[in-house]
S.K.: 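Sending over a structure as structure tokens; questions will come in a sec.
Letters A, B, ... mirror the listed sequences (proteins, then strands); counts begin at 1.
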Protein chains: 2
Amino acid sequence: MASLGELERAVMDLLWAGQEAATANTLRDRLAQTSAGQDGAAGHEGKELAVTTVLTVLSRLEKKGLVERERGTRPHRYQAVSSREDHTAELMHEVLGSAPDREAVLARFIGSVSEGEAETLRKLLGHL
Amino acid sequence: MASLGELERAVMDLLWAGQEAATANTLRDRLAQTSAGQDGAAGHEGKELAVTTVLTVLSRLEKKGLVERERGTRPHRYQAVSSREDHTAELMHEVLGSAPDREAVLARFIGSVSEGEAETLRKLLGHL
DNA sequence: AGTTGAGTTCTACAAAACGTAGAAGATCTG
DNA sequence: CAGATCTTCTACGTTTTGTAGAACTCAACT
């Protein structure tokens with residue numbers, strides 16, 4: 001249960017983008033104005049969704065452990081459980097975890113990172 | 001289109017395990033004896049599947065670009081397009097690629113690898 | 001060359017995940 | 001308490017995956 005649908009991902013993106021917890025209504029509004037941006041690359045139109053749709057998605061994301069909500073306040077407020085970076089790193093570990101030969105995977109992985117990132121990695125691994 | 005179903009994964013595991021290309025029949029047989037292993041952890045029973053089932057899954061994997069087949073030989077022979085390690089590394093890049101702040105993700109990722117793996121990474125990054 | 005048998009493709013259906021939302025129930029505000 | 005707002009329940013359409021029968025293809029055998 002690791003992958004997300006398109007809408008689920010869009011909602012997570014919004015939650016990750018805004019630092020504050022958001023209500024379903026706020027999210028629906030933001031979803032409606034999803035950058036009718038300049039350069040192509042698809043970019044889903046600003047379609048008006050029903051609030052219940054957003055709520056359903058939020059519930060599913062909550063069940064998946066990606067979102068938590070404040071039940072106290074009346075318009076419940078939703079926020080991501082962990083930052084996008086943490087979540088992505090976790091995902092990477094999940095992917096890596098299922099491999100028998102972890103080091104071989106890492107070797108190939110390292111083989112195709114940019115030089116800048118390689119530098120970052122060196123620093124991170126250095127002090128230890 | 002990155003995630004696989006349970007059966008699809010089982011088939012890929014077999015293809016990755018055996019170095020030779022395999023026929024649908026061979027795969028079906030191997031699927032039947034999926035380690036009724038010792039320790040729990042589920043471990044799907046050795047269920048006899050129809051060959052057509054295996055063929056359908058193989059076709060889908062082919063469409064996803066994970067498997068290729070020799071059409072020349074009569075019992076077509078199937079094999080993984082890339083090794084499990086390559087594929088996993090690719091997957092990791094896919095996951096990482098969708099993040100805006102790649103370096104931050106890498107930082108967190110590195111934060112939770114074992115010392116042995118960290119050592120491996122240092123070596124790989126070293127010569128440059 | 002026609003029959004046979006293994007193999008492949010076509011087609012189909014059930015279950016799960018996801019997108020989408022109406023109807024009904026709960027709660028706050030005035 | 002009435003009305004507006006919010007949440008939960010329930011439901012249905014679409015896509016993905018598991019599963020397999022029916023029909024078609026092809027090589028070998030007689």
S.K.: From C-beta outward on B:R60, which listed nucleotide comes closest to its side chain: D:dA11, D:dT8, D:dT17?
M.R.: D:dT17
S.K.: Just N and O in the side chain of B:T53: are any of them under 4.0 Å from OP1 or OP2 of D:dG18?
M.R.: no
S.K.: Can we say A:R84 and A:D13 salt-bridge, meaning some charged N sits less than 4.0 Å from an Asp/Glu carboxylate O?
M.R.: yes
S.K.: In whole angstrom, give the distance that lies between atom OH of B:Y78 and atom C1' of C:dG7.
M.R.: 9 Å
S.K.: Does B:N25 have a side-chain nitrogen or oxygen under 4.0 Å from the phosphate oxygens OP1 or OP2 of C:dG7?
M.R.: yes
S.K.: Does B:R74 get its side chain close enough to the base of D:dT25, under 3.5 Å, for a donor-acceptor pair?
M.R.: yes
S.K.: D:dG21 phosphate, OP1 or OP2: any side-chain N/O from B:T52 under 4.0 angstrom?
M.R.: no
S.K.: Identify which one of B:L15, B:V57, B:V11 satisfies the side chain to side chain contact (heavy atoms under 4.5 Å, CB included) criterion when paired with B:V67.
M.R.: B:L15
S.K.: Can you check the A:L55 CG to D:dT7 C1' distance for me, whole Å?
M.R.: 7 Å
S.K.: Would you say C:dA21 has OP1 or OP2 under 4.0 Å from some side-chain N or O of A:R28?
M.R.: no
S.K.: To the nearest Å, how far apart are B:M12 CE and D:dG18 P?
M.R.: 13 Å
S.K.: Does the D:dA20 base have a donor-acceptor partner in the side chain of B:T56 within less than 3.5 Å?
M.R.: yes
S.K.: Rounded to the nearest 0.5 Å, what separation is found between the CD atom of A:E117 and the CZ atom of B:R102?
M.R.: 4.0 Å
S.K.: Of all the nucleotides listed (D:dT7, C:dT9, D:dT17), which has the minimum atom distance to the side chain of B:S3?
M.R.: D:dT17
S.K.: Closer to the 5' end of DNA chain C via nearest nucleotide, is it A:L49 or B:R71?
M.R.: B:R71
S.K.: Take atom CG of B:L4 and atom P of C:dA17, then tell me their distance rounded to the nearest Å.
M.R.: 16 Å
S.K.: Would you mind reading off the distance between A:L61 atom CG and C:dA17 atom P, rounded to a whole angstrom?
M.R.: 14 Å
S.K.: What is the separation between atom CD on B:E62 and atom C1' on C:dT8, rounded to the nearest whole Å?
M.R.: 12 Å
S.K.: Choose from D:dC6, C:dA23, D:dT19 the nucleotide whose nearest atom is closest to any side-chain atom of B:V57.
M.R.: D:dT19
S.K.: Please report the interatomic distance CE(B:M92) to CD(A:E94), rounded to the nearest 0.5 Å.
M.R.: 12.0 Å
S.K.: Rounded to the nearest angstrom, tell me the gap between atom CD in B:E48 and atom P in D:dG18.
M.R.: 18 Å
S.K.: For C:dC18, take OP1 and OP2 only and decide whether either is under 4.0 Å from a side-chain N or O of A:K64.
M.R.: yes
S.K.: Can you identify which nucleotide, out of C:dG19, D:dT19, D:dT7, has its nearest atom closest to the A:A24 side chain?
M.R.: D:dT7
S.K.: Given atom CG of B:L7 and atom C1' of C:dA16, what is their separation to the nearest angstrom?
M.R.: 15 Å
S.K.: Find which nucleotide of DNA chain C each of A:E8 and B:P75 is nearest to by heavy atoms, and output the residue with the more 5' nucleotide.
M.R.: B:P75
S.K.: Please tell me whether B:T23 and B:H76 have a donor and an acceptor in their side chains that are separated by less than 3.5 angstrom.
M.R.: no
S.K.: Check this for me: does any side-chain nitrogen of one of A:R77 and A:E20 sit under 4.0 Å from a carboxylate oxygen of the other?
M.R.: no
